[in-house]
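Structure record follows, encoded as C-alpha coordinates.
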Amino acid sequence: MGADDTVIRILATIRAIPRGEVAGYGEVARRAGLPGRARLVARLLSHNDDPSLPWHRVLRSDGRIALPEGSPGFLEQCQRLRAEGLRVENGRVIGAKARATFDEQVWGPPD
DNA sequence: TTAGTGACAATAG
DNA sequence: CCTATTGCCACTA
(Lines give C-alpha, C1' and ligand atoms only; values in the text may rest on other atoms or scores of the structure.)
Protein backbone atom coordinates (compact mmCIF):
# COMPACT_ATOMS: atom_id res chain seq x y z
CA MET A 1 0.00 0.00 0.00
CA GLY A 2 2.72 2.58 0.73
CA ALA A 3 4.47 2.46 -2.60
CA ASP A 4 1.23 3.04 -4.49
CA ASP A 5 0.47 6.13 -2.42
CA THR A 6 3.75 7.75 -3.38
CA VAL A 7 2.94 7.10 -7.02
CA ILE A 8 -0.52 8.60 -6.58
CA ARG A 9 0.91 11.68 -4.89
CA ILE A 10 3.43 12.20 -7.66
CA LEU A 11 0.82 11.84 -10.38
CA ALA A 12 -1.50 14.22 -8.53
CA THR A 13 1.32 16.74 -8.22
CA ILE A 14 1.97 16.59 -11.95
CA ARG A 15 -1.74 17.04 -12.68
CA ALA A 16 -1.68 20.09 -10.40
CA ILE A 17 0.80 21.93 -12.63
CA PRO A 18 -1.28 24.73 -14.19
CA ARG A 19 -1.58 24.97 -17.94
CA GLY A 20 1.20 27.14 -19.41
CA GLU A 21 3.53 26.51 -16.45
CA VAL A 22 6.25 23.93 -15.90
CA ALA A 23 8.03 22.19 -13.02
CA GLY A 24 11.27 20.28 -12.58
CA TYR A 25 11.46 16.59 -11.63
CA GLY A 26 12.95 17.43 -8.25
CA GLU A 27 10.36 20.15 -7.76
CA VAL A 28 7.54 17.68 -8.41
CA ALA A 29 9.07 15.23 -5.96
CA ARG A 30 9.37 17.91 -3.26
CA ARG A 31 5.77 19.07 -3.75
CA ALA A 32 4.69 15.44 -3.48
CA GLY A 33 6.45 15.20 -0.12
CA LEU A 34 9.26 13.02 -1.52
CA PRO A 35 12.47 15.07 -1.48
CA GLY A 36 15.35 13.43 -3.32
CA ARG A 37 13.10 11.25 -5.48
CA ALA A 38 13.49 13.17 -8.74
CA ARG A 39 14.60 10.00 -10.54
CA LEU A 40 11.52 8.19 -9.32
CA VAL A 41 9.38 10.87 -10.99
CA ALA A 42 11.39 10.37 -14.17
CA ARG A 43 10.92 6.63 -14.03
CA LEU A 44 7.18 7.03 -13.58
CA LEU A 45 6.90 9.26 -16.62
CA SER A 46 9.03 6.91 -18.72
CA HIS A 47 6.60 4.08 -17.92
CA ASN A 48 3.45 6.19 -17.95
CA ASP A 49 0.75 5.38 -20.50
CA ASP A 50 -2.01 7.75 -19.33
CA PRO A 51 -2.65 10.33 -22.08
CA SER A 52 -4.51 12.60 -19.64
CA LEU A 53 -1.32 13.20 -17.65
CA PRO A 54 0.37 16.53 -18.51
CA TRP A 55 3.82 14.93 -18.63
CA HIS A 56 5.07 17.61 -21.03
CA ARG A 57 5.07 20.19 -18.21
CA VAL A 58 7.83 18.35 -16.38
CA LEU A 59 11.36 19.45 -17.26
CA ARG A 60 14.86 19.24 -15.86
CA SER A 61 15.78 21.72 -13.13
CA ASP A 62 17.57 23.91 -15.69
CA GLY A 63 14.50 24.09 -17.94
CA ARG A 64 15.82 21.66 -20.52
CA ILE A 65 13.69 18.86 -21.94
CA ALA A 66 14.84 15.55 -20.49
CA LEU A 67 14.14 13.37 -23.53
CA PRO A 68 16.86 12.86 -26.14
CA GLU A 69 16.91 15.72 -28.61
CA GLY A 70 15.22 14.77 -31.89
CA SER A 71 13.36 11.78 -30.43
CA PRO A 72 9.58 11.51 -31.03
CA GLY A 73 8.83 12.29 -27.39
CA PHE A 74 11.10 15.31 -27.51
CA LEU A 75 9.30 16.73 -30.55
CA GLU A 76 5.91 15.98 -29.02
CA GLN A 77 6.89 17.78 -25.83
CA CYS A 78 8.13 20.83 -27.74
CA GLN A 79 4.87 20.98 -29.64
CA ARG A 80 2.69 20.65 -26.56
CA LEU A 81 4.64 23.29 -24.63
CA ARG A 82 4.47 25.76 -27.48
CA ALA A 83 0.75 25.00 -27.80
CA GLU A 84 0.39 26.31 -24.24
CA GLY A 85 2.09 29.56 -25.13
CA LEU A 86 5.58 28.70 -23.83
CA ARG A 87 8.72 29.61 -25.71
CA VAL A 88 10.93 26.62 -26.44
CA GLU A 89 14.41 27.34 -27.73
CA ASN A 90 16.99 24.66 -28.51
CA GLY A 91 15.24 22.06 -26.37
CA ARG A 92 14.89 24.50 -23.49
CA VAL A 93 11.93 26.43 -22.10
CA ILE A 94 12.60 30.15 -21.72
CA GLY A 95 10.86 32.31 -19.08
CA ALA A 96 7.91 30.65 -17.27
CA LYS A 97 10.16 28.72 -14.85
CA ALA A 98 8.70 26.44 -12.21
CA ARG A 99 6.94 28.98 -9.99
CA ALA A 100 3.93 28.34 -7.74
CA THR A 101 5.99 26.90 -4.89
CA PHE A 102 4.70 27.87 -1.47
CA ASP A 103 7.60 30.17 -0.71
CA GLU A 104 7.22 32.03 -3.97
CA GLN A 105 3.49 32.47 -3.44
CA VAL A 106 4.27 34.05 -0.07
CA TRP A 107 7.49 35.94 -0.72
CA GLY A 108 7.10 36.54 -4.44
CA PRO A 109 9.55 35.59 -7.17
CA PRO A 110 13.27 35.95 -6.31
CA ASP A 111 15.15 38.73 -8.08
C1' DT B 1 25.98 -8.61 -3.39
C1' DT B 2 28.08 -5.80 -6.80
C1' DA B 3 28.00 -3.13 -11.05
C1' DG B 4 25.66 -0.81 -14.43
C1' DT B 5 21.88 2.27 -15.97
C1' DG B 6 18.38 6.09 -16.25
C1' DA B 7 12.75 11.42 -19.13
C1' DC B 8 17.67 13.78 -12.30
C1' DA B 9 20.11 17.58 -9.21
C1' DA B 10 23.69 20.47 -7.19
C1' DT B 11 28.13 22.20 -7.44
C1' DA B 12 32.64 23.57 -9.30
C1' DG B 13 35.59 25.30 -12.85
C1' DC C 1 27.05 30.30 -20.85
C1' DC C 2 29.25 25.69 -21.02
C1' DT C 3 31.09 20.85 -19.51
C1' DA C 4 32.60 17.68 -15.78
C1' DT C 5 32.04 15.60 -11.32
C1' DT C 6 29.59 13.84 -7.56
C1' DG C 7 25.51 12.39 -5.10
C1' DC C 8 21.14 10.38 -5.40
C1' DC C 9 17.36 6.75 -5.73
C1' DA C 10 15.12 2.65 -7.83
C1' DC C 11 15.78 -1.18 -10.83
C1' DT C 12 18.09 -4.94 -13.29
C1' DA C 13 21.57 -8.46 -14.69
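Values below: every heavy atom of this structure, side chains too, minus hydrogens, waters and symmetry copies. Lettering of chains follows the sequences in order, A, B, ..., and the numbering in each one begins at 1. Since we're looking at a predicted model, the values are computed, not measured.
- Regarding contacts with the backbone of C/dC2, a side-chain N or O of A/Arg92 is found under 4.0 angstrom from either OP1 or OP2.
- Take A/Arg87 and apply the salt bridge (charged side-chain N to carboxylate O under 4.0 Å, His left out) test, not counting sequence neighbours, and it matches A/Glu89.
- Residues that satisfy the side chain to side chain donor-acceptor pair (under 3.5 Å) test with A/Arg30, not counting sequence neighbours, are A/Glu27.
- Closest heavy-atom contact between A/Val41 and A/Ile14: CG1-CD1, 4.4 Å.
- Here A/Asp49 pairs with nothing under the side-chain contact (heavy atoms from CB on, under 4.5 Å) rule; sequence neighbours left out.
- A straight line from CG of A/Asp62 to C1' of C/dT3 spans 12 Å, rounded to a whole angstrom.
- Taking both residues in full, the closest heavy atoms of A/Tyr25 and A/Ala66 are given as OH-CB, 3.4 Å, listed atom of the first, atom of the second, then distance.
- Under the side-chain hydrogen bond (donor to acceptor under 3.5 Å, both in side chains) criterion, the residue pairs touching residues 50-59 of chain A are A/Arg15-A/Asp50, A/Arg15-A/Ser52, A/Asp50-A/Ser52, A/His56-A/Glu84, A/Arg57-A/Glu84, with sequence neighbours excluded.
- Protein chain A contacts DNA chain B over a range whose 5' and 3' limits, counting nucleotides with an atom under 4.0 angstrom from a non-hydrogen atom, are B/dG6 to B/dA10.
- Near-neighbour residues of DNA chain C inside residues 32-50 of chain A, defined by a heavy atom below 4.0 Å, number-ordered: A/Gly36, A/Arg37, A/Arg39, A/Arg43.
- Nucleotides C/dT6 and B/dA7 are separated by 23 Å at their P atoms, to the nearest Å.
- Of all heavy-atom pairs between A/Arg43 and A/Ser46, the closest is O-OG, 2.6 Å.
- Atom-to-atom distance recorded for A/Arg39:CZ and A/Leu44:CG is 13.5 Å, nearest 0.5 angstrom.
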